[in-house]
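The next block holds one structure in the form of structure tokens; read it before the comments.
For reference, positions follow the sequence shown, starting with 1.
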Amino acid sequence: MDKAMEVLSALAAPGEPHRLADLARRTGFTKPTVHRLLRSLSAAGFAEPAAGGSYRPGPRLLGLAAAVLGEDPLLRHVRAVLDELLARTGLSASFAVRDREWLVHFEVLSHRTGLALGPVPATGNASRSGAGGLLVRALSGPSSDERLASVRETDAAAERLARAARDGWALDPADPASARRTLAVAVRATDGSLAGVLVLSGPVFVFDDTSADVYTPLVLSAARSIEAGLAAEAPARLGLAVEANGTVDAPRQRFR
């Protein structure tokens, strides 16, 4: 099962259709193993052969993805704010979630001009890189690898982590040697857990400190808008209400 999921993940990566050799390289499995798994996935409708012996996602996988993305309440609110952020800033706007050691972007909007290109959907950045990775590290429990690496943190890096944990957002330094700069803001689920990260990214020569002062409140407001939308959709909670005399009344709805 684990191997099949790895092949399926590689199959869903950008740049389809994928050759057998490419899928083997990405997964680290042998070609015979990948080919055997692809035949099983194809029989189930999750993959399908393409020209030249390559493969691409099958209709069943595409249908499942469409059903999930269409019904997810979080993504409905995310798409609206990404549209607005793109229109108001001209920079790439994306939403990412943590998947083990990766920060995976699965909603990305960009003008596709070559300057504002952001991350590719369904691809991930190492969770230790960039403002998004720093924010996730600050707000989530560190992995074993991160705990080992933490001994090498400089005082400045530790201070950035503490500030991100306190503020709920992080911004890359304005480093002229870097090609891009990112701003990341946490989005909380209704239970207070980290639902994901809003990320605004663009070229350093456009995304300077003056621009960052303007963009940061916009992205913070966008994150609060998503959270408000999720809170409005939260179902009513049922519980026992205790009367003033100490007796327990019939169950009644309580709203948060």
Please evaluate residues F46 and R60 with respect to the criterion side-chain contact (heavy atoms from CB on, under 4.5 Å), reporting the C-alpha separation (whole Å), side-chain torsions for both, the decisive distance (0.1 Å), and the verdict.
CA-CA 5 Å; F46 291 104; R60 191 173 181 189; 3.7 Å; yes

Using the side-chain contact (heavy atoms from CB on, under 4.5 Å) rule, take W169 and V219 through it: C-alpha gap first, then chi angles, then the decisive distance, then the call.
CA-CA 9 Å; W169 61 274; V219 185; over 6 Å; no

I'd like to know whether L198 forms a side-chain contact (heavy atoms from CB on, under 4.5 Å) with I226, so could you lay out the CA-CA distance, the side-chain angles of the two residues, the decisive distance to 0.1 Å, and finally the verdict.
CA-CA 10 Å; L198 276 178; I226 295 172; 3.9 Å; yes

Would L134 and L161 count as a side-chain contact (heavy atoms from CB on, under 4.5 Å) if you check the C-alpha gap in whole Å, the side-chain angles of each, and the deciding distance to 0.1 Å?
CA-CA 7 Å; L134 182 141; L161 278 171; 4.0 Å; yes

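H105 places no side-chain N or O within donor-acceptor distance of the main-chain N or O of A96, the cut-off being under 3.5 Å. Judged by distance alone, the side chain of S9 and the main-chain N or O of M5 form a donor-acceptor pair under 3.5 Å. Panel note: side chain S211, backbone V206; a donor-acceptor pair is recorded below 3.5 Å. Without hydrogens or angle criteria, S178 side chain to R180 main chain gives no donor-acceptor distance under 3.5 Å.
With sequence neighbours excluded, the residues satisfying salt bridge (Lys or Arg N to Asp or Glu O under 4.0 Å) with R163 are E159. In this structure D208 satisfies the salt bridge (Lys or Arg N to Asp or Glu O under 4.0 Å) test with no other residue, sequence neighbours excluded. Not a single side chain to side chain donor-acceptor pair (under 3.5 Å) links T216 to another residue, sequence neighbours left out. Contacts of S193 classified as side-chain contact (heavy atoms from CB on, under 4.5 Å), with partners at least two apart in sequence or in another chain: A189, D191. For R224, the salt bridge (Lys or Arg N to Asp or Glu O under 4.0 Å) partners at least two apart in sequence or on another chain are E227. Every side chain to side chain donor-acceptor pair (under 3.5 Å) that D209 has, sequence neighbours left out, goes to R181. Taking the side-chain contact (heavy atoms from CB on, under 4.5 Å) definition, one finds that R25 meets it with D22, sequence neighbours left out. For Y215, the ring pair (Phe, Tyr, Trp, His ring centres under 6.0 Å) partners at least two apart in sequence or on another chain are F207. T210 pairs by the side chain to side chain donor-acceptor pair (under 3.5 Å) definition with nothing, not counting sequence neighbours. The side-chain contact (heavy atoms from CB on, under 4.5 Å) search around P17 returns A50, S54, R56, not counting sequence neighbours. With sequence neighbours left out, the side-chain contact (heavy atoms from CB on, under 4.5 Å) criterion links D83 to L109.
Annotation: side chain of V34 is in contact with side chain of T27 (closest heavy-atom distance under 4.5 Å). Side-chain contact check for L82 versus E107: some heavy-atom pair is nearer than 4.5 Å. Contact check for L85 versus L91: no side-chain heavy atoms found under the 4.5 Å cut-off. Within the 4.5 Å cutoff, the side chain of L139 has heavy atoms near those of the R188 side chain.
Taking every heavy atom of both residues into account, A93 and L86 meet most closely at CB-N, 4.5 Å. Nearest heavy-atom pair across G168 and L135 is C-CD1, 3.6 Å. Between A223 and V187, the closest heavy-atom pair is CB-CG2, 4.0 Å. The minimum heavy-atom distance linking A222 with V81 is given by the pair O-CG1, 3.8 Å. The shortest heavy-atom contact between V197 and A184 is CG1-CB, 3.6 Å. The minimum heavy-atom distance linking L171 with A212 is given by the pair CD2-CB, 3.7 Å.
Rounding to the nearest 0.5 Å gives a distance of 16.0 Å between NZ of K3 and CG of L8. T89 OG1 to E84 CD: the interatomic distance, rounded to the nearest 0.5 Å, is 10.0 Å. Expressed to the nearest 0.5 Å, how far CZ of R26 lies from NE2 of H18 amounts to 5.0 Å. The CZ atom of F29 lies 5.5 Å from the CD atom of E6; values are rounded to the nearest 0.5 Å.
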Output a table of donor-acceptor pairs, distance under 3.5 Å, between side-chain atoms of residues 35-45 and any protein atom two or more places apart or on a different chain; print 'none' if there are none.
residue : atom : partner : partner atom : Å
S40     : OG   : R36     : O            : 3.4
S42     : OG   : L38     : O            : 2.8

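A single hydrophobic cluster is not seen to contain both L200 and V204; linkage of ILVMFWY side chains at heavy-atom distances under 4.5 Å, directly or through other members, places them apart.
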